[in-house]
Amino acid sequence: MTAYEPVGDQRAGSDPAPDSEAGPGPDPAPGPGTGPDPAGYDAVVLAGGAARRLGGADKPGLRVGGRALLDRVLAACAGARTTVVVAEPRPTARPVTWAREDPPGGGPLAALAAGLRHTTAEHVLVVSADLPFLAGPTVGRLLSALAAGDADGVLLTDADGRDQPLVAAYRASALRRELAALARDRAGRSAGATDTADTPDLTGLPLRRLTGALRLTRLPDAVASFDCDTWDDIATARARIREHGHVLDEWISAAKDELGIDLDVDIKVLLDLARDAAHGVARPAAPLTTFLVGYAAGRAEGGPEAVAEAARKAAALALRWAEEAAAEPAPAPGKPDVAPDATPDTRPDA
């Protein structure tokens with residue numbers, strides 16, 4: 001388990017904001033320190049562990065916030081040109097390339113080598129499939145730090161300052177160089193070995209044999225580095241996303257993945273619209289109006305701008321509706337509260 005400590009009202013998976021007492025703002029726009037590698041990157045997701053501390057459960061398929069852990073990680077690296085998952089194939093929310101170390105269960109180093117063979121980008125994001133709070137801004141921060149420096153890799157450290165080499169961005173050339181060196185070293189130690197750099201036997205070798213040979217830069221992030229090794233970790237992750245500061249963002253992300261929607265919208269605009277419709281018209285008008293706004297934006301085949309424009313029009317209508325209601329004079333005492341041409345109720349029991 002990677003230790004997890006709540007950090008204020010921080011968003012799930014976003015970067016901590018040291019020395020700040022304010023709540024989290026919107027995700028930063030891509031730019032220096034936050035944006036993705038402009039040359040593009042590939043991702044390797046290691047998802048084939050035995051999960052012994054979970055009693056052999058299917059860890060990548062365990063759900064946090066209604067989504068499988070693997071799908072949450074795939075959403076975080078959605079910007080990758082190629083995403084390779086090293087595990088037995090399974091249904092996923094996003095298309096991926098499948099790979100497997102030979103023999104299966106050979107450990108993280110062998111799995112990384114198997115996944116790396118399917119990548120072509122120089123910058124490679126390497127992550128495990130049990131990171132419930134990994135998100136796009138953190139991925140961008142890793143890649144930007146890698147691109148800005150000359151290190152072989154940039155990895156996160158957890159709340160205790162420990163390196164997390166499976167939440168990192170690396171230079172593929174450095175990984176291939178050191179993996180080949182490890183394969184040659186093992187071949188040299190094995191009489192009659194026929195291993196080559198193309199088919200390295202890295203089974204059982206610890207990941208530190210690789211990272212110890214690399215020049216690494218470290219970024220602290222107690223939240224994004226939190227991984228789920230035990231049932232207590234799963235319970236902690238499930239509880240955190242339901243905290244007040246995270247639940248709406250988590251729900252919107254889960255709903256977009258479930259519906260196959262890749263659209264960023266201003267949640268505050270939609271919440272304000274729902275409030276105006278509920279107060280100015282009637283409470284059930286809130287969900288119906290937001291649905292109509294989404295439908296109108298879809299019909300217009302627009303992006304966030306179309307949603308914002310439809311929301312603006314609907315909010316203006318709700319405001320006019322409320323103003324008319326406030327301007328209507330109250331009926332005079334003893335005078336029925338009906339329009340002059342209203343049809344009287346002639347039912348026998350009226």
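Fair warning: this is a prediction, and the values are worked out from it, not measured in the lab. Just the heavy atoms: all of them, side chains too, but no hydrogens, waters or symmetry mates, feed the values below.
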D58: side chain to side chain contact (heavy atoms under 4.5 Å, CB included) partners, not counting sequence neighbours: P60, R90
Test item: L210 and L205 side chains (from C-beta on) under 4.5 Å apart, heavy atoms: no
Pairwise side-chain contact, L131 with Q164, heavy-atom cut-off 4.5 Å (strictly under): no
Verdict with supporting geometry, I241 and R67, side-chain contact (heavy atoms from CB on, under 4.5 Å): CA-CA 12 Å; I241 66 169; R67 290 188 290 168; over 6 Å; no
Pairwise side-chain contact, D185 with R209, heavy-atom cut-off 4.5 Å (strictly under): yes
Residues forming a side chain to side chain donor-acceptor pair (under 3.5 Å) with T82, sequence neighbours excluded: none
Partner residues of A237 under the side chain to side chain contact (heavy atoms under 4.5 Å, CB included) criterion, sequence neighbours left out: V64, P132, F133, F226, C228
Check: L112 and V86 side chains under 4.5 Å, non-hydrogen atoms: no
Partner of L125 under side chain to side chain contact (heavy atoms under 4.5 Å, CB included), chosen from V44, L142, D42: L142
Smallest separation among heavy atoms of S225 and T157, with atom names: OG-O, 3.8 Å
Under the salt bridge (charged side-chain N to carboxylate O under 4.0 Å, His left out) test, residues paired with R238 that sit two or more places apart: none
Reported CG-to-OG1 distance for the pair L156 and T138, which is rounded to 0.5 angstrom: 6.5 Å
All pairs passing salt bridge (Lys or Arg N to Asp or Glu O under 4.0 Å) where residues 163-176 contributes a residue, at least two apart: D163-R218
S128 versus D130, side-chain donor and acceptor atoms under 3.5 Å: yes
Results of side chain to side chain donor-acceptor pair (under 3.5 Å) for R177 - residues two or more places apart only: none
Contacts of A316 that satisfy side chain to side chain contact (heavy atoms under 4.5 Å, CB included) - sequence neighbours left out: R320
Results of side chain to side chain donor-acceptor pair (under 3.5 Å) for R208 - residues two or more places apart only: none
Any side-chain heavy-atom pair of D227 and V167 under 4.5 Å: no
Spacing of W98 atom CH2 and T83 atom OG1 [to the nearest 0.5 Å]: 11.0 Å
List, one per line, each side-chain donor-acceptor pair under 3.5 Å for residues 279-291, sequence neighbours excluded.
| from | atom 1 | to | atom 2 | distance (Å) |
| --- | --- | --- | --- | --- |
| T289 | OG1 | A285 | O | 2.5 |
| T290 | OG1 | A286 | O | 3.2 |
| T290 | OG1 | P287 | O | 2.9 |

Carboxylate-amine/guanidinium proximity below 4.0 Å for K59 and D233: no
Note, V139 side chain near V127 side chain (heavy atom, < 4.5 Å): no
Joint cluster assignment, L319 & V269, ILVMFWY side-chain distance < 4.5 Å: no
Side chain to side chain contact (heavy atoms under 4.5 Å, CB included) partners of D71, counting only residues at least two apart: A68, L74, T92, A93
Heavy-atom side-chain proximity of D150 to R215 below 4.5 angstrom: yes
Minimum-distance pair of heavy atoms, taken over all atoms of G40 and A121: O-CB, 4.1 Å
ILVMFWY network linking V293 to L317, side-chain heavy atoms under 4.5 angstrom: no
Sole residue of L207, T203, T211 in side chain to side chain contact (heavy atoms under 4.5 Å, CB included) with L109: L207
Criterion side-chain contact (heavy atoms from CB on, under 4.5 Å) on L54 and W231, from CA distance to verdict: CA-CA 6 Å; L54 286 165; W231 289 112; 3.6 Å; yes
Test item: D221 and R141 side chains (from C-beta on) under 4.5 Å apart, heavy atoms: yes
For E88, all residues meeting salt bridge (charged side-chain N to carboxylate O under 4.0 Å, His left out), sequence neighbours excluded: R100
Partners passing salt bridge (charged side-chain N to carboxylate O under 4.0 Å, His left out) against D272 (at least two apart in sequence or in another chain): K268, R275
